[in-house]
Structure formats: C-alpha cells, structure tokens
Amino acid sequence: MTAVAETPARDLYVGGAWRPAAAGATFAVHDPATGAQIAAVADAEPADGLAALDAAVAAGPAWAATPARERADLLRAWFDALVAQADELAELITLEMGKPLAEARGEIAYAADFVRWFAEEAVRIDGTAALAADGCAELTTLREPVGPCLLVTPWNFPLAMIARKLAPALAAGCTAVVKPAHQTPLTALATVRMLVELGLPPGVVNVVPSTRAPGLVGALLRDPRLRKLSFTGSTAVGRALLAQAAPNVLRVSMELGGNAPFVVLEDADVEAAVEGALVAKLRNNGEACTAANRFLVAEAVEPRFSARLAERMGDLRIGAGADPETQLGPLIERRAVERVDELVRDAVAAGAEVLTGGAPLDLAPGTFYPPTVLRGAAPSARIWREEIFAPVAPVRAVASDAEAIALANDSEVGLAGYVYGGDLRRALRVARALEVGMVAVNRGVVSNAHAPFGGVKHSGLGREGGREGIDEYLETKFLAVAR
Ligand code: NAD
C-alpha cells in the first residue's frame with residue numbers, strides 16, 4: 001500500500017480518477033511552523049464541484065444497493081488502515097495543520113473510533129412493522145440513504161471532521177462530495193487515496209479542494225440533485241449556508257462554533273480541575289470548537305486555580321509540531337495570531353491581568369502565540385464573547401453557582417461545557433443547567449464516538465456520532481399495505 005505521507009495525490013479525486021482542476025489552477029499549502037510551501041494542490045472551481053456531484057449521483061444507486069455488510073467491511077478496513085498507518089498520517093496532519101505529533105496521533109485515534117463505530121452501525125439500520133392503530137393497514141417503515149451529500153470541513157481536525165461525516169454517510173449508503181478546508185487539503189486527499197486502495201468504488205467519494213469555497217459550494221447547493229449538506233465550521237458561514245440550502249429544502253447538519261464555559265465549583269479538587277483545564281484549553285493548540293473559552297471559578301478557589309494554571313501553562317514547550325518534544329505548536333496562520341493578539345489587548349484594556357504569556361512570540365515566519373492566562377476579564381470584553389481558538393484562558397471569579405450558570409449561558413452559542421465539583425449531585429445540577437449540547441463533568445474531554453456530538457443555539461443542528469449520527473444520512477419512508 002502507498003505510504004500516506006508520500007501520497008503524490010495533489011489532484012482532485014472525481015469519479016474514480018485523479019485529475020487537475022478544469023482550469024488547471026493550483027494553490028499553495030503551507031507548513032504553519034515554518035511558513036514554507038509544502039504542496040501545490042489542484043484548485044477546484046464550480047465546474048469541478050458539479051463534475052464531482054455528477055459522479056456522486058451516478059454512483060448513488062449501486063452504493064445504496066450494496067449490502068450493508070459490504071459497506072461495513074470497507075469502513076472496518078478503513079479503521080484498520082488508519083491504525084496501521086497512524087504514524088505516517090500524523091506526520092502529514094502535523095505538516096499542514098501544525099499540531100504536535102502526539103495530538104495528530106490523538107486525532108487519528110479519535111477519527112478511527114468514529115469509523116469503527118459506523119462500521120458497526122451500518123449493519124444495524126432497520127425499520128419497523130406494525131398493524132395500524134385503526135386496523136386498516138400494515139405499516140412498514142424503511143430507512144433509506146438520503147442521497148448525494150456535500151461534506152464541507154474545517155482545517156482544525158483535517159481527518160476527524162471528514163471521518164465523522166463520511167463514515168456515517170458511507171454506512172447509510174450515501175455517496176459524497178468532500179470539500180476540505182484549503183489550509184489542509186492533503187489529509188483529505190490521503191484519506192480518499194486510502195479508501196481507494198481499500199476498494200472504494202468510483203464516484204462514491206469525490207474530493208474537491210478549493211480556494212473558491214463560496215462559488216463551488218454555492219453551485220452545488222443550487223443543484224437539485226444534491227440532497228444533503230453537512231457542514232463543520234464557523235457559525236457565520238454556517239448561517240449563510242443554511243440560507244443557501246433553503247431553496248432546495250436540503251437536509252442539513254451544522255457543527256458550528258463554540259464558546260465553552262469551564263466551571264469550577266468551590267468544592268472541586270483544584271489540582272484535578274487544573275489538569276482538566278489544560279486538556280480542555282490546549283487540546284489542538286486551543287483550536288478546537290469544544291475548547292474551554294471562559295473559566296468561571298468559585299471565588300474561594302479562584303486565586304489558587306489561576307496561579308496554578310498560569311504556572312502549568314507557562315511551562316509548556318512551544319515549537320514545531322514535528323519536534324517530538326513540542327507540547328504546543330503554531331496557530332494555523334498569521335491572521336489567527338493577529339486576531340488573538342487583538343482579543344488579548346482588548347481584554348487587558350478592559351481590566352484583565354496577564355498571569356503568563358500575553359503577546360505573540362517573535363518566531364516569524366512561524367505563527368506562534370504563547371499559552372496565556374488572563375485574570376478578571378470583563379464579560380463585555382470580546383475575548384469573553386468570541387471563540388478564541390488559541391491557547392488563551394480568561395478566568396473570572398464567581399460568587400455562586402447561580403452566577404456561574406448565568407454567565408455560562410450568556411452566549412449566543414452552546415456547544416460544549418465543563419464542570420468540576422466535589423459533590424457530584426451539585427456538579428450535575430450545574431451541568432444540567434448549562435445551555436449546551438455536551439457537558440464534561442470532572443473531565444477535560446467531552447467527545448466520544450459512542451455519544452452524540454453537537455450543539456444548541458447558534459452552535460448548530462444535528463448530531464455526529466452515537467446512535468444519532470447515522471440518522472443524519474437516512475430518510476424514513478413508510479409503506480401502508482392493505483389488509
Ligand atoms: P470556516 O467557517 O471559515 O470554514 C469551514 C469550511 O467552510 C472550509 O472548508 C471553508 O473553505 C468553507 N467555507 C468558508 N467560507 C465559505 C462560504 N462562504 N461558503 C461556503 N463554504 C465556505 O471555519 P474554519 O476557520 O475552517 O474552522 C474553524 C471553525 O470551525 C470554528 O468556528 C470552530 O468552532 C468550528 N468547528 C466546529 C466544530 C463542531 O463540531 N461544532 C468542529 C471543528 C470546528
């Protein structure tokens with residue numbers, strides 16, 4: 001099997017063939033640790049996206065009719081390949097996205113878990129049979145694939161965000177066009193290459209990297225043959241795509257931005273809370289939708305929590321993700337560093353105290369921002385209201401559980417939340433009161449392939465993973481049979 005890191009695939013993958021973009025254009029992919037160009041990738045335009053949809057439509061009936069066991073076997077083989085090739089794939093993820101190698105391996109394990117889960121779910125798609133309540137018919141429900149899907153994914157988890165969509169789509173019998181983020185197309189291309197080598201039939205998955213996302217995605221959303229959009233990315237883009245999906249009444253799944261509260265109650269084990277905070281804040285360089293964004297800490301323990309968090313974050317080793325000693329890599333691009341710098345300055349101007357970090361690291365052309373702890377950030381500051389997407393932790397003391405809940409819920413988004421507390425019943429009371437889709441209690445990680453991932457409010461629609469994950473790719477039909 002071709003080594004994934006050496007994959008020569010820089011072309012689009014459409015209809016079972018590797019080919020350049022229709023207009024021959026390419027775009028550069030960069031290593032965020034060095035700024036160096038690492039690849040030139042075919043830059044799909046709307047015509048390429050439509051060709052990919054042609055292929056997905058043509059392949060649809062045969063894939064839907066493929067026995068579930070065969071679809072499951074392909075997914076299981078994908079899981080095995082991800083495990084076997086994790087080291088090479090991790091190098092590729094680190095190269096184009098910047099996260100430390102250990103994090104990249106973690107992402108692969110996480111993605112593989114979803115792939116295995118949906119391999120198992122593929123053979124459990126079933127319906128019901130009932131005698132109608134009025135006795136006039138026998139009712140059978142069937143679950144059928146939605147049809148051709150467009151999967152649009154972000155750069156922060158270049159493999160996992162594809163796996164969380166593509167695995168249930170394939171399991172359900174859907175075909176797909178994948179539009180990865182232009183910052184991280186190489187992992188997407190390596191992924192489809194892996195699937196092709198495992199026997200993926202032509203047209204079932206098509207990959208169209210592009211720097212012209214609005215035009216390409218827009219053209220697909222206007223095409224009535226597309227039946228489903230699954231998007232992971234920012235709330236602003238998700239909102240715009242929801243509007244574009246309306247004319248064709250598309251099925252949609254939206255995994256959008258977060259602003260996770262991390263609540264530490266006064267009876268929490270502060271050391272354990274700091275350990276959890278490090279994971280919840282720094283996983284993926286802080287560039288995770290589930291990242292703890294606002295630390296709300298009971299005033300009795302806040303000084304100790306803040307001091308200890310600053311000590312631990314200040315000790316981390318920053319560098320290129322490819323260096324095995326590195327604990328924190330670069331941010332994805334220069335704009336991200338500039339943005340977090342603005343957020344921190346704004347918070348400081350509004351009264352926050354910097355306990356560690358606080359200014360960009362001068363490691364140009366690498367795009368590094370140091371772990372930063374801010375104490376006393378005002379809830380009106382931008383850092384409190386916007387998704388930080390960087391290793392910056394604003395901490396605020398709260399006088400009561402009620403104040404923590406009120407501040408936590410004072411956000412238009414609601415993806416993840418975290419609660420640390422000694423008395424589990426009290427911690428669960430707070431967890432239940434949070435307006436979010438997922439809460440971790442006395443843990444720094446919330447997501448699990450066995451559980452439904454997703455948000456409420458402006459964090460999205462639908463769920464990925466768990467028993468619910470495959471429903472996003474299935475329609476229910478019923479047959480009424482005369483008795
Ligand atoms: P983004 O919204 O800028 O881009 C996401 C994807 O949409 C990319 O493929 C991009 O090319 C495409 N895109 C951008 N503008 C578009 C447009 N106008 N029309 C069509 N497509 C367009 O997000 P990003 O910066 O790549 O990722 C970070 C965001 O993703 C954060 O807000 C983060 O919270 C969110 N995210 C959410 C989850 C989740 O599961 N809820 C997971 C990971 C990331």
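Counting convention: from 1, in listed order, for ligands and their atoms alike. Residue indices begin at 1 and follow the sequence shown. Note that the structure is a prediction, hence the values are computed from the model and not measured.
- Atoms of ligand 1 found under 4.0 Å from any heavy atom of Gly257, numbered from 1 in the order shown, are 32 (O), 34 (O).
- Distance from atom 41 (N) of ligand 1 to its nearest protein heavy atom, with residue and atom name: Leu256 O, 2.8 Å.
- Nearest to atom 17 (C) of ligand 1 by heavy atom, out of Ala160, Ala188, Pro214, is Pro214.
- Note: Trp78 CH2 to Phe114 CZ = 12.0 Å, rounded to the nearest 0.5 Å.
- Residue contacts with ligand 1 for Thr153 involve N, CA, C or O but no side-chain atom from C-beta outward (heavy atoms, distance under 4.0 Å).
- Of all the atoms in ligand 1, the ones that sit under 4.0 Å from a non-hydrogen atom of Phe389 are 28 (C), 31 (C), 33 (C), 34 (O).
- Heavy atoms of Glu387 come nearer than 4.0 angstrom to ligand 1 in at least one pair.
- A 4.5 Å side-chain heavy-atom check between Thr235 and Ser459 finds every atom pair outside the cut-off.
- The closest approach between Phe157 and ligand 1 stays at or above 4.0 Å for every heavy atom of the residue.
- Side-chain contact check for Leu242 versus Leu461: some heavy-atom pair is nearer than 4.5 Å.
- Interface of Leu415 with ligand 1, defined as ligand atoms under 4.0 Å from a residue heavy atom, comprises 41 (N).
- Scanning the protein for heavy atoms near atom 25 (O) of ligand 1, the closest one is Trp155 NE1, 2.9 Å.
- Among Ser253, Cys289, Ala336, the residue whose heavy atom lies nearest to atom 39 (C) of ligand 1 is Cys289.
- Interatomic distance, CZ of Arg225 versus CG of Leu50, reported as 7.0 Å (0.5 Å rounding).
- In Ala288, neither the side chain nor the backbone holds a heavy atom less than 4.0 Å from any atom of ligand 1.
- With Phe389 as the aromatic partner, Arg339 does not meet the cation-pi criteria of under 6.0 angstrom to the ring centre and within 45 degrees of the ring axis.
- Using a 4.0 Å cut-off to heavy atoms of Asn156, the atoms of ligand 1 that qualify are 43 (C), 44 (C).
- In this structure, atom 35 (C) of ligand 1 lies nearest to the protein heavy atom Gly233 O, 3.2 Å.
- Annotation: side chain of Glu255 is not in contact with side chain of Met161 (no heavy-atom distance under 4.5 Å).
- For atom 5 (C) of ligand 1, the nearest non-hydrogen atom of the protein is Thr232 O, 3.7 Å.
- Here the options are Arg143, Arg227, Arg251, Lys228, the test is salt bridge (charged side-chain N to carboxylate O under 4.0 Å, His left out), and the partner is Glu475; only Arg251 passes.
- Closest to atom 40 (O) of ligand 1, if we only count protein heavy atoms, is Arg164 NH2, 2.9 Å.
- Just one of Thr184, Thr153, Leu92, Leu186 meets the side chain to side chain contact (heavy atoms under 4.5 Å, CB included) condition when paired with Pro158; it is Thr184.
- For atom 13 (N) of ligand 1, the closest non-hydrogen atom of the protein is Ala213 CB, 3.8 Å.
- The protein heavy atom nearest to atom 2 (O) of ligand 1 is Ser234 OG, 2.6 Å.
- Listed by number with element, the atoms of ligand 1 under 4.0 angstrom from any heavy atom of Leu241 are 19 (N), 20 (C).
- Applying the 4.0 Å criterion to heavy atoms of Val152 picks out, from ligand 1, the atoms 6 (C), 7 (O), 9 (O), 12 (C).
- Going from atom CG of Leu474 over to atom CD1 of Ile125 covers 5.0 Å, rounded to the nearest 0.5 Å.
- Other residues, nucleotides and ligands contribute over 12 non-hydrogen atoms within 6.0 Å of the CZ atom of Arg239.
- Residue Val217 approaches ligand 1 through these ligand atoms, each under 4.0 Å from one of its heavy atoms: 20 (C), 21 (N).
- Between Val207 and Ile162, the closest side-chain pair of non-hydrogen atoms is not below 4.5 Å.
- A 4.5 Å side-chain heavy-atom check between Glu387 and Cys289 finds at least one atom pair inside the cut-off.
- Considering Glu464, Glu472, Lys165, Arg463 as possible partners of Ser253, the one that fulfils the side chain to side chain donor-acceptor pair (under 3.5 Å) test is Glu472.
- Judged by the shortest distance from any of its heavy atoms, Pro180 lies inside the 4.0 Å radius around the atoms of ligand 1.
- Among protein heavy atoms, atom 15 (N) of ligand 1 sits closest to Val237 CG2, 3.5 Å.
- Taking only non-hydrogen atoms, the option from Met161, His182, Lys179 nearest to atom 11 (O) of ligand 1 is Lys179.
- Taken to the nearest 0.5 Å, the CG atom of Leu89 stands 4.0 Å off from the CD1 atom of Ile108.
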